[in-house]
K.L.:
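Pasting in a structure now, in structure tokens, and then I'll have a few things to ask.
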Amino acid sequence: MARPYVLINVAATADGKIDTVERRGAAISSEGDRARVDQLRAAADAVMVGGRTLHAEDPRLTVRSDVLRAERRAQGRPEQPAKVGITSRFQLPPESRFLTAGGGRVIVLVPSGSVDGSPSGVEVYECGQGRVDLVHAMALLTDLGIERVLVEGGGTLNFELLRLGLVDELQLYLAPLVFGGASAPTLADGAGLARDAAILLHAPEVKIGQDGGVLLTYMVKRRVLSPG
Ligand SMILES: NC(=O)c1ccc[n+]([C@@H]2O[C@H](COP(=O)([O-])OP(=O)(O)OC[C@H]3O[C@@H](n4cnc5c(N)ncnc54)[C@H](OP(=O)(O)O)[C@@H]3O)[C@@H](O)[C@H]2O)c1
């Protein structure tokens, strides 16, 4: 099944946490790293988040830089990438940042029968029974003209996409911080994998930033997995 190129970007602490145990969306990136993420968004056709990040943080997911937005316009692309939410219960109010910031396309993917009508201006697609079928969701995004997806978490969605072999690239910014906490989220949570089913990464690149952070870029090895 055709699918877009999928890049997961994560900001984590040196102990691998993507938030504190309080799960309130703690700041991890530096200003310089946020500029890098802005470039990733500007290069993407869509930016995707999972339901808990969507509802708890109501993220804007927009390209902030005027220059990058102008470059997109000059390329004949929409000023902002589409936003994609993966959830079984879309509950953001019409004035939410996710729905209003940037004025770009908003796509919400839900399981069959889980949403009563769509909020105005939102494209809601039913995809899967009980849970969003992520394989079909990616194929649907291809049908909608989306060729490059930036996934911005959280750990549950990241894990599912990795487990299903739907990820091409991983960019991991490691901040010079330690949060600790056994229940603090990490870049890939969910049920976890046995050692022989581990996701294999290759072609690592390392950049050390002036902010003391480290940017790790990996390609994800392709593998065929049975669903479920
Ligand atoms: N540092 C970073 O880079 C970064 C980035 C993003 C998020 N975060 C942190 O990550 C934490 C949230 O992560 P999380 O793991 O709790 O949640 P998450 O991955 O954001 O969202 C999981 C939710 O996605 C929805 N979903 C629907 N179908 C799914 C499917 N097939 N597979 C996976 N998810 C599906 C469900 O939403 P419903 O429950 O709505 O049905 C599920 O509960 C927060 O603390 C946030 O701050 C950190």
Side-chain angles (χ1 to χ4, degrees), residues 3 6-30 33-34 36-38 40-41 47-61 83-92 96-98 107-115 124-141 149-167 169-193 213-217 225 227-228:
R3 67 164 176 83
V6 177
L7 188 169
I8 290 180
N9 181 70
V10 172
T13 59
D15 57 330
K17 309 299 186 184
I18 64 168
D19 198 356
T20 66
V21 288
E22 292 180 312
R23 292 177 179 258
R24 291 191 188 156
I28 295 175
S29 286
S30 63
D33 190 57
R34 280 192 282 277
R36 178 189 63 83
V37 175
D38 214 33
L40 291 181
R41 287 182 184 168
V47 183
M48 175 183 284
V49 289
R52 285 204 286 271
T53 298
L54 179 68
H55 291 107
E57 294 177 22
D58 184 17
R60 286 185 176 80
L61 304 181
K83 305 176 195 183
V84 180
I86 306 282
T87 181
S88 55
R89 42 157 203 119
F90 186 71
Q91 288 176 340
L92 283 178
S96 65
R97 295 187 292 239
F98 179 78
I107 298 168
V108 176
L109 300 171
V110 296
S112 290
S114 57
V115 167
V124 178
Y125 295 95
E126 295 189 335
C127 194
Q129 301 293 328
R131 282 175 70 69
V132 177
D133 179 329
L134 294 171
V135 173
H136 283 95
M138 287 298 181
L140 174 66
L141 292 179
V149 174
L150 171 65
V151 179
E152 294 201 30
T156 305
L157 178 64
N158 292 345
F159 174 75
E160 284 300 308
L161 293 170
L162 286 162
R163 184 182 71 81
L164 292 167
L166 295 172
V167 183
E169 182 178 342
L170 174 64
Q171 293 198 15
L172 170 60
Y173 171 78
L174 285 176
L177 297 168
V178 173
F179 285 164
S183 63
T186 72
L187 89 82
D189 290 330
L193 296 168
V214 178
L215 177 67
L216 294 168
T217 302
L225 287 174

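Along the sequence shown, the residues carry numbers beginning at 1. Being a predicted model, the structure only gives us computed values, none of them experimental. Order of listing sets the numbers, starting from 1, for every ligand and every atom in it.
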K.L.:
If you compare all heavy atoms of D19 against all heavy atoms of R24, which two are closest, and at what distance to 0.1 Å?
P.N.:
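So the two residues come closest at OD2-N, 3.1 Å.
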K.L.:
Tell me: protein heavy atom nearest atom 18 (P) of ligand 1, and distance?
P.N.:
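Protein heavy atom with the smallest distance to atom 18 (P) of ligand 1: G154 N, 3.5 Å.
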K.L.:
Could you tell me the residue and atom name of the protein heavy atom closest to atom 40 (O) of ligand 1, and the distance to it rounded to 0.1 Å?
P.N.:
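Ranked first by proximity to atom 40 (O) of ligand 1 is T87 OG1, 2.6 Å.
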K.L.:
Identify the closest protein heavy atom to atom 14 (P) of ligand 1: which residue and atom is it, and at what distance?
P.N.:
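Checked against all protein heavy atoms, atom 14 (P) of ligand 1 sits closest to T156 OG1, 3.6 Å.
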K.L.:
Specify side chain, backbone, both or neither for R52, according to which of its non-hydrogen atoms lie closer than 4.0 Å to ligand 1.
P.N.:
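Near ligand 1, R52 shows its backbone as well as its side chain.
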K.L.:
With atoms numbered from 1 as shown, which atoms in ligand 1 lie under 4.0 angstrom from a non-hydrogen atom of G25?
P.N.:
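Those of ligand 1 that fall under 4.0 Å from G25 are 47 (O).
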K.L.:
Just distances here: any N/O of I28 and N/O of ligand 1 closer than 3.5 Å?
P.N.:
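Among all N and O atoms of I28, none is under 3.5 Å from an N or O of ligand 1.
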K.L.:
Looking at ligand 1, does any of its N/O atoms fall within less than 3.5 Å of an N/O of G153?
P.N.:
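No, G153 has no N/O under 3.5 Å of an N/O on ligand 1.
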K.L.:
So which protein heavy atom does atom 7 (C) of ligand 1 come closest to, and at what separation?
P.N.:
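For this ligand atom, the closest protein heavy atom is T53 OG1, 3.2 Å.
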K.L.:
For the side chain of K17 and the backbone of G181, is there at least one donor-acceptor N/O pair under 3.5 Å apart?
P.N.:
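Yes.
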K.L.:
For residues F98 and D58, report the shortest heavy-atom separation together with the two atoms involved.
P.N.:
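F98 and D58 have their closest heavy atoms at N-OD1, 2.8 Å.
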K.L.:
Among R23, K17, E57, which one has a heavy atom closest to atom 46 (C) of ligand 1?
P.N.:
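Looking at heavy atoms only, E57 sits closest to atom 46 (C) of ligand 1.
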K.L.:
What protein heavy atom is closest to atom 9 (C) of ligand 1, reported as residue, atom name and distance in Å?
P.N.:
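For atom 9 (C) of ligand 1, the nearest protein heavy atom is I18 CD1, 3.8 Å.
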K.L.:
Has the side chain of R52 got a donor or acceptor atom that lies under 3.5 Å from a matching backbone atom of G155?
P.N.:
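No; zero donor-acceptor contacts below 3.5 Å.
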K.L.:
Name the closest protein heavy atom to atom 30 (C) of ligand 1, giving the residue it belongs to and the distance to 0.1 Å.
P.N.:
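Of the protein heavy atoms, R131 NH2, 3.0 Å lies nearest.
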K.L.:
Heavy atom under 4.0 Å from ligand 1: found in L134's side chain, backbone, both, or neither?
P.N.:
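For L134, the contact with ligand 1 is made by the side chain alone.
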K.L.:
Numbering the atoms of ligand 1 from 1, which are under 4.0 Å from a heavy atom of P185?
P.N.:
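Listed by number with element: 45 (O).
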K.L.:
Going by atom types alone, do D189 and T186 pair a side-chain donor with an acceptor below 3.5 Å?
P.N.:
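T186 and D189 do have a side-chain donor-acceptor pair below 3.5 Å.
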K.L.:
List the atom of P111, the atom of S88, and the distance in Å for their closest heavy-atom pair.
P.N.:
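Residues P111 and S88, closest heavy atoms: CD-CA, 3.5 Å.
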K.L.:
Does L193 offer a backbone N or O that forms a donor-acceptor pair with the side chain of R163 under 3.5 Å?
P.N.:
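Absent.
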K.L.:
Rounded to the nearest 0.5 Å, what separates atom OG1 in T87 from atom CZ in R131?
P.N.:
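Going from the OG1 atom of T87 to the CZ atom of R131 covers 10.5 Å.
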K.L.:
What residue and heavy atom of the protein are closest to atom 3 (O) of ligand 1, and at what distance?
P.N.:
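For atom 3 (O) of ligand 1, the nearest protein heavy atom comes out as A11 N, 2.9 Å.
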K.L.:
Of the side chain and backbone of S88, name the one, both, or neither that has a heavy atom under 4.0 Å from an atom of ligand 1.
P.N.:
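Both parts.
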K.L.:
In terms of atom number and element, which parts of ligand 1 are under 4.0 angstrom from non-hydrogen atoms of G155?
P.N.:
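Per the distance check, 13 (O), 15 (O), 19 (O).
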K.L.:
Could you tell me the residue and atom name of the protein heavy atom closest to atom 25 (C) of ligand 1, and the distance to it rounded to 0.1 Å?
P.N.:
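So the nearest neighbour among protein heavy atoms is I86 O, 3.1 Å.
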K.L.:
How many angstroms lie between CD1 in I8 and CG in L157, if you round to the nearest 0.5 Å?
P.N.:
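It is 7.0 Å, given to the nearest 0.5 Å.
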K.L.:
Going by the atom numbers of ligand 1, which of them fall below 4.0 Å from some non-hydrogen atom of L157?
P.N.:
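Within the 4.0 Å cut-off of L157, ligand 1 contributes 19 (O), 33 (C).
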K.L.:
Rounded to the nearest 0.5 Å, what separates atom CD in E152 from atom OG1 in T53?
P.N.:
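The CD atom of E152 sits 9.5 Å away from the OG1 atom of T53.
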K.L.:
To the closest 0.5 Å, what do you measure between CD1 (I28) and CZ (R34)?
P.N.:
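Interatomic distance, I28 CD1 to R34 CZ, rounded to 0.5 Å: 11.0 Å.
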K.L.:
Any side-chain to backbone donor/acceptor pair from H136 onto G128? Under 3.5 Å, distance only.
P.N.:
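Judged by distance alone, no pair lies under 3.5 Å.
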K.L.:
Is ligand 1 under 4.0 Å from a heavy atom in the side chain of D19, in the backbone, in both, or in neither?
P.N.:
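It is the side chain that touches ligand 1; the backbone stays farther off.
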K.L.:
Examine the proximity of ligand 1 to E152 and report which part, side chain or backbone, both or neither, has a heavy atom under 4.0 Å away.
P.N.:
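Just the backbone.
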